[in-house]
Amino acid sequence: MSRGFKDRLTYKATPIQVSVPASAANLGPGFDALGLALELRDIYVAQILDDEVFDVDVTGEGADEIKKDGKHLVIKAMMAGFEFMGGKPRGIALRALNSIPHGRGLGSSAAAIVGGLSLARGLVLSGNTLMTDDDLIALATDMEGHPDNAAPAVFGGFTAAGFVGSEVRCIRVPLPSQIRLVTLIPHFEVSTPEARKRVPQTFSKADTIHILNRASLVTAAFTTGRLENLRGCFDDRIHQPYRAALIPGMDAILAAGVKAGAIGGWLSGSGSTLMCLALDNPEAIATAMQRKMPKAAVHILKPDNAGLKVSLKKG
């Protein structure tokens, strides 16, 4: 701890466990604004240490590639959370069980950031007063750069989120239980910075009107539960066409899913995951999509309405 720093926090002695869902962002036309939470979850357990050390252990997705010290994203988020609340612990023990694939557009970084911030809050007495949910989503958005993954990771369900002035504003709608997200995960990653470079800086009037129309229809359909009205509404003109070259066969895979009965499909985040929304026969949709990319993994996922879960670690 640096000289002269006054730690104003009182820390809990018991470990805290958090569980954070994966998320799909953009949903086609809702670039950097729309998202939904998936049943796939990362689990993190943390405890404050008296020694000046970051003791990090990771199992599951990305365990062999990610940092296991103070540069681990969950640790960085925890320290940002402690600093926001006015403190700085000497050391942290972190255990991570990762189920969300990395670099596939399923919100793994947002889960780590939301998880780290919520761990920090949970390890501090009166943490929920010092860091409200609004504070948490604002901090997560600041670290992520945009709220489309962070919002469903915190609140679950379908979310529309964005900046109103300097405020991050989020509206959340629960997702119907009959929805299935047929999720094709290629064997390769897509770099988010590289994917963002592909998106133009300006758009035509026609393309801008198109995505405003489609994003409004998608939001209204989820909000009212009139899911059949989602058909034909996930087509995008401002990011997916420019990122298609990063995922060979993207358009054919999504078209195969729709032909097999999906309501529609999209590129999840910046990729490489492709996702189709199904109300029935998800197995047939999964088979049709995988035929177009046999080496990819395909999962049929339920939506997640619970969002972030926090509990005391037992035993």
### Message
Would you say that Phe54 contacts Met79 through its side chain, given a criterion of any heavy-atom pair below 4.5 Å between the two side chains?
### Response
yes

Please check if the side chain of Ser268 supplies one atom and the backbone of Gly105 the other of a donor-acceptor pair under 3.5 Å. yes

Heavy-atom nearest pair, Pro152 first then Pro21, reads O-CG, 4.0 Å

**Item:** N-O pairing of Arg196 and Asp32 below 4.0 Å
**Value:** yes

Heavy atoms from other residues, nucleotides or ligands near CG of Asp50 exceed 12 (cutoff 6.0 Å)
no

Self-check item: Note, Ile263 side chain near Leu227 side chain (heavy atom, < 4.5 Å)
Solution: no

Any non-hydrogen side-chain atom of Ser99 less than 4.5 Å from a side-chain atom of Glu61? no

> So do Leu274 and Ile247 actually touch side chain to side chain, heavy atoms under 4.5 Å?
Replying inline: yes

Heavy-atom side-chain contact between Leu94 and His72 under 4.5 Å: yes

Minimal heavy-atom distance between Pro147 and Thr141, with the atoms involved, is CB-OG1, 3.4 Å

Nearest heavy-atom contact between Glu189 and Ser272 is CA-OG, 4.5 Å

Between Pro101 and Leu40 the two heavy atoms that sit nearest each other are CD-CD2, 3.8 Å

*Does Val74 share a hydrophobic cluster with Leu123, counting links as ILVMFWY side-chain heavy atoms below 4.5 Å and allowing steps through other members?*
yes

Any donor-acceptor pair under 3.5 Å from Asp304 side chain to Ala306 backbone: yes

>> Grouping I, L, V, M, F, W and Y whenever their side-chain heavy atoms are under 4.5 Å apart, do Ile285 and Leu230 come out in a common cluster?
In response: no

Check your understanding: Under the 3.5 angstrom rule, does the side chain of Asp142 hit a backbone N or O of Leu139 as a donor-acceptor pair?
Key -> no

Q. Do any N or O atoms from the side chain of Asp55 and from the backbone of Ala93 form a donor-acceptor pair under 3.5 angstrom?
A. no

The reported gap from CG in Leu117 to CG in Leu136 (rounded to nearest 0.5 angstrom) is 5.0 Å

Review point. Taking atom CG of Leu212 as the centre, does the number of heavy atoms from other residues, nucleotides or ligands within less than 6.0 Å exceed 12?
Key: yes

**Prompt:** What do you reckon, is NZ of Lys76 surrounded by more than 12 foreign heavy atoms closer than 6.0 Å?
**Reply:** no

| query | Run the salt bridge (Lys or Arg N to Asp or Glu O under 4.0 Å) check on Asp57 and Lys68 step by step: do they pass? | reply | CA-CA 7 Å; Asp57 182 73; Lys68 298 181 178 67; over 6 Å; no

Could you tell me whether Glu83 and Lys88 have a side-chain N and a carboxylate O separated by less than 4.0 Å? no

On a heavy-atom basis, the closest approach of Ala296 and Gln290 is O-NE2, 2.7 Å

Ala77 and Ala112 have their tightest heavy-atom pair at CB-O, 4.2 Å

Sidechain N-carboxylate O distance under 4.0 Å for Arg90, Glu52: yes

Margin query: Between Arg104 and Thr273, do the side chains contain a donor N or O and an acceptor N or O under 3.5 Å apart?
Written below: no

### Message
Please report whether the ring centroid of Phe31 lies less than 6.0 Å from that of Phe203.
### Response
no

>> Take a 6.0 Å sphere around CZ of Arg291 and say whether it holds more than 12 heavy atoms from other residues, nucleotides or ligands.
In response: no

| said: Would you say that more than 12 heavy atoms from the other residues, nucleotides or ligands in this model lie under 6.0 Å from the NZ of Lys71, or not? | reply: no

key: Arg121 bridged to Asp133 by N-O distance under 4.0 Å   = yes

With a 4.5 Å limit on heavy-atom distance, are the side chains of Thr219 and Phe158 in contact? yes

Exercise for review: Flag the pair Leu181 / Leu36 as yes when at least one side-chain heavy-atom distance between them is below 4.5 Å, and no otherwise.
Suggested key: yes

In this structure, CD of Gln240 is separated from CG of Asn26 (nearest 0.5 Å) by 7.5 Å

CZ of Phe222 to CD1 of Ile171, rounded to nearest 0.5 Å, is 15.0 Å

CZ (Phe155) and CG (Asn305) are apart, to the nearest 0.5 Å, by 14.0 Å

### Query
With side chains defined as the heavy atoms from C-beta onward, is the minimum distance between Leu73 and Ile75 less than 4.5 Å?
no

